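So the structure is just underneath, and the comments pick up after that.
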Amino acid sequence: MDIELKGISQDPVYAHVREQIESQISANQIHSGEVLPSPAALAQKLSVDKGEIQRAYFELEHSGLVKKEIGKDFLGHAKTTYRVA
């Protein structure tokens with residue numbers, strides 16, 4: 001998944017991230033069942049606040065493009081995974 005934030009307009013960061021993920025899903029660059037990066041990892045990569053990525057994922061989830069799965073990691077801690085629907 002390739003997200004770029006160069007040339008950001010007045011729109012919020014989460015809107016740009018959401019639009020880019022939506023377009024990559026519709027163009028089959030991101031396939032059904034593929035796991036998206038964690039909000040923390042993507043936020044660090046893009047040098048933005050984690051809340052911006054969480055908001056983008058939240059909106060993608062509510063539009064039906066992404067499914068949120070809650071499971072456990074190898075230590076038994078809760079782990080949230082976002083997967084393309």
Side-chain angles (χ1 to χ4, degrees):
M1 182 169 77
D2 188 31
I3 304 287
E4 293 182 10
L5 296 179
K6 58 185 174 182
I8 293 179
S9 65
Q10 295 176 343
D11 294 334
V13 171
Y14 75 85
H16 286 280
V17 172
R18 184 194 69 231
E19 290 168 5
Q20 288 186 45
I21 293 174
E22 284 174 345
S23 67
Q24 290 181 27
I25 290 171
S26 63
N28 286 326
Q29 293 173 336
I30 303 175
H31 303 287
S32 180
E34 193 170 328
V35 176
L36 298 178
S38 72
L42 187 55
Q44 184 177 17
K45 178 182 174 187
L46 299 175
S47 299
V48 299
D49 184 68
K50 182 173 84 169
E52 296 283 350
I53 307 303
Q54 289 174 323
R55 171 93 185 255
Y57 282 11
F58 174 81
E59 291 190 2
L60 289 165
E61 180 185 3
H62 282 279
S63 68
L65 292 173
V66 171
K67 287 191 276 185
K68 179 179 178 180
E69 300 173 352
I70 299 175
K72 295 189 177 196
D73 65 10
F74 66 96
L75 295 174
H77 299 125
K79 179 181 177 184
T80 303
T81 303
Y82 294 90
R83 190 177 303 272
V84 177

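Only a predicted model underlies this, so the values are computations on that prediction, with no experimental measurement involved.
Separation of atoms OG (Ser63) and CD1 (Ile21) is listed at 10.5 Å; rounding is to 0.5 Å. The distance from atom OG of Ser23 to atom CD1 of Ile30, rounded to the nearest 0.5 Å, is 8.0 Å. Taking NE2 from His16 and CD from Glu52, the interatomic distance works out to 10.0 Å, rounded to the nearest 0.5 Å. Atoms NZ and CZ, on Lys79 and Phe74 in that order, are 9.5 Å from each other to the nearest 0.5 Å. The CG atom of Asp49 lies 13.0 Å from the CD atom of Gln44; values are rounded to the nearest 0.5 Å. Within the model, atoms CD1 of Ile53 and NZ of Lys45 stand 10.5 Å from one another, a figure rounded to the nearest 0.5 Å.
Using a 4.5 Å heavy-atom cutoff, the side chains of Leu36 and Arg83 are not in contact. Contact annotation: the side chain of Lys68 approaches that of Thr80 to within less than 4.5 Å [non-hydrogen atoms, C-beta and beyond]. Counting heavy atoms from C-beta outward, Pro39 and Tyr82 have side chains that approach closer than 4.5 Å. Between Leu60 and Glu22 the shortest side-chain heavy-atom distance falls below 4.5 Å. Using a 4.5 Å heavy-atom cutoff, the side chains of Val84 and His31 are not in contact. Residues Pro37 and Tyr57 form a side-chain contact, since some pair of their non-hydrogen atoms from C-beta on lies under 4.5 Å apart. Residues Gln24 and Ile3 meet the side-chain proximity criterion, which asks for heavy atoms closer than 4.5 Å.
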Test log, rule side chain to side chain contact (heavy atoms under 4.5 Å, CB included), inputs Val48 and Val17: CA-CA 11 Å; Val48 299; Val17 172; 5.9 Å; no

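No continuous path of hydrophobic side-chain contacts links Phe58 to Tyr14 [ILVMFWY only; heavy atoms under 4.5 Å]. One hydrophobic cluster holds both Leu5 and Leu42 under the rule that ILVMFWY side chains link at heavy-atom gaps under 4.5 Å.
Judged as a salt bridge (charged side-chain N to carboxylate O under 4.0 Å, His left out), and not counting sequence neighbours, Glu34 has no contacts.
When all heavy atoms are compared, the tightest approach of Ala85 to Ser32 is O-OG, 3.1 Å.
Side chain of Asp73 to backbone of His77: a donor-acceptor contact under 3.5 angstrom is found.
Glu59 and Arg18 are joined by a salt bridge, as a carboxylate oxygen and a charged side-chain nitrogen come within less than 4.0 angstrom of each other.
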